[in-house]
> 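Quick one: structure below, then a few questions.
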Amino acid sequence: RDDAEIKVATTASRKLGVADSGRKITCRVTARNAAGPLAAVSKKPVHVKPRYEVTGITTYKTLFVSGQESMVDGEISVNNLANLALPFTVDLTVTDPGGIVIATVPGIAGAPSALASLVVPYKFKLPATAPAGQYTARAVVKIKWAGGDEVLPTSSVFNLLKLSPASPSAGLWVIAK
């Protein structure tokens with residue numbers, strides 16, 4: 001692992017784990033017979049892909065005015081399963097209750113950190129014509145590491161916000177909890 005021996009890797013096969021994430025792995029095989037031992041080392045290292053996983057998307061704002069464009073902000077929660085401090089970005093896609101994409105926010109920068117739980121703030125504009133109902137969001141994490149740029153699997157779809165009338169005479173909408 002990164003040119004250091006993995007002391008416990010002494011069998012014919014080894015399942016790579018979280019400790020190997022983002023690392024360069026080479027293999028040395030030693031054969032022994034009557035003529036003595038002979039070792040061979042893999043010529044090309046394998047880069048083990050790091051794992052970041054989106055675990056939630058939340059919003060801060062709770063009140064919107066119907067018929068007016070509004071800024072929505074919140075946080076995308078990301079698990080850093082291998083605790084690696086790698087540069088990464090998140091692409092966010094928001095859909096309205098009819099399944100129409102109303103916002104795409106590409107390249108939201110996440111701060112490289114070895115912490116297990118990371119938070120990435122986001123903002124997007126909610127259109128003035130936003131209908132009542134459940135809005136959803138999906139996030140894709142992209143990381144930069146020794147093996148190159150990597151697009152990780154798309155997250156699950158998260159319920160982002162649900163607009164419902166608060167005071168129809170005042171034209172207000174609230175996020176229903």
Side-chain angles (χ1 to χ4, degrees), residues 1-9 14-26 44-65 68-97 99-128 130 134-163 173-177:
R1 182 184 305 135
D2 292 335
D3 298 324
E5 185 176 324
I6 302 172
K7 302 276 185 207
V8 296
R14 173 169 170 76
K15 184 176 180 181
L16 299 176
V18 172
D20 302 309
S21 184
R23 310 283 188 218
K24 178 179 70 172
I25 305 294
T26 53
K44 198 171 180 185
V46 173
H47 290 277
V48 181
K49 296 177 183 177
R51 292 184 52 207
Y52 283 54
E53 180 179 275
V54 176
T55 56
I57 304 172
T58 59
T59 57
Y60 298 141
K61 193 169 184 175
T62 59
L63 186 64
F64 301 91
V65 178
Q68 291 184 11
E69 184 176 86
S70 299
M71 282 303 277
V72 177
D73 58 353
E75 296 178 341
I76 301 167
S77 299
V78 178
N79 272 359
N80 178 2
L81 300 172
N83 298 81
L84 298 173
L86 297 174
F88 72 100
T89 59
V90 180
D91 294 345
L92 180 68
T93 303
V94 179
T95 57
D96 73 8
I100 297 170
V101 173
I102 61 155
T104 54
V105 188
I108 306 166
S113 170
L115 294 174
S117 296
L118 306 173
V119 175
V120 180
Y122 72 85
K123 286 184 180 184
F124 70 89
K125 289 182 182 176
L126 186 67
Q134 182 68 60
Y135 288 72
T136 59
R138 181 181 293 266
V140 175
V141 177
K142 296 177 181 176
I143 56 175
K144 294 186 181 295
W145 62 292
D149 290 353
E150 181 72 25
V151 177
L152 300 179
T154 304
S155 76
S156 301
V157 174
F158 294 92
N159 287 333
L160 183 62
L161 56 91
K162 185 173 184 178
L163 290 182
W173 297 92
V174 295
I175 296 177
K177 300 275 180 191

> Write down the atom of A85, the atom of A114, and the distance for their closest heavy-atom approach.
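In terms of heavy atoms, the two residues are closest at CB-N, 3.8 Å.
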
> Which heavy-atom pair separates P112 from P87 by the least distance, and what is that distance?
CG-CA, 3.7 Å

> Determine, stepwise, if the pair L118 / F88 fulfils side-chain contact (heavy atoms from CB on, under 4.5 Å).
CA-CA 11 Å; L118 306 173; F88 72 100; 3.7 Å; yes

> Which atom names give the shortest non-hydrogen contact between A139 and V54, and what distance separates them?
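That would be CB-CG2, 3.9 Å.
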
> Which residues satisfy the side-chain contact (heavy atoms from CB on, under 4.5 Å) test with P106, sequence neighbours excluded?
D91

> With a 4.5 Å heavy-atom cut-off, do E75 and Y60 have their side chains touching?
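Yes - at least one pair of side-chain heavy atoms lies under 4.5 Å apart.
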
> Between T95 and I102, does the side-chain contact (heavy atoms from CB on, under 4.5 Å) criterion hold? Intermediate values first, please.
CA-CA 5 Å; T95 57; I102 61 155; over 6 Å; no

> Here's a test for you: under side chain to side chain contact (heavy atoms under 4.5 Å, CB included), which of V90, V94, I76 qualifies with Y122?
I76

> Would you indicate whether the side-chain heavy atoms of T136 and F158 approach each other to under 4.5 Å?
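No; the side chains remain at least 4.5 Å from each other.
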
> Between E53 and V78, is there a side-chain heavy-atom distance shorter than 4.5 Å?
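A side-chain contact is absent here, since even the closest heavy-atom pair is not under 4.5 Å.
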
> Does the side chain of L126 come within less than 4.5 Å of Y135's, by heavy atoms?
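Touching, per the 4.5 Å side-chain cut-off.
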
> For S77 and T55, test the side chains for any donor-to-acceptor distance below 3.5 angstrom and give the result as yes or no.
no

> Can you list the residues that meet the salt bridge (Lys or Arg N to Asp or Glu O under 4.0 Å) rule with E69, with sequence neighbours excluded?
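With sequence neighbours excluded, E69 shows a salt bridge (Lys or Arg N to Asp or Glu O under 4.0 Å) to K125, given in chain and number order.
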
> In Å, rounded to the nearest 0.5 Å, how long is the span from CG of N79 to OH of Y52?
11.0 Å

> Would you say that F124 contacts T93 through its side chain, given a criterion of any heavy-atom pair below 4.5 Å between the two side chains?
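SC-SC contact between F124 and T93 ruled out.
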
> Just wondering, do I57 and L92 contact through their side chains at under 4.5 Å, heavy atoms?
yes

> Quick one: does N80's side chain have a donor or acceptor within less than 3.5 Å of a partner on S117's backbone?
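No, because the side chain of N80 does not come within donor-acceptor range (under 3.5 Å) of the backbone of S117.
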
> Report yes if the side chains of I108 and T89 come closer than 4.5 Å at any heavy-atom pair, otherwise no.
no

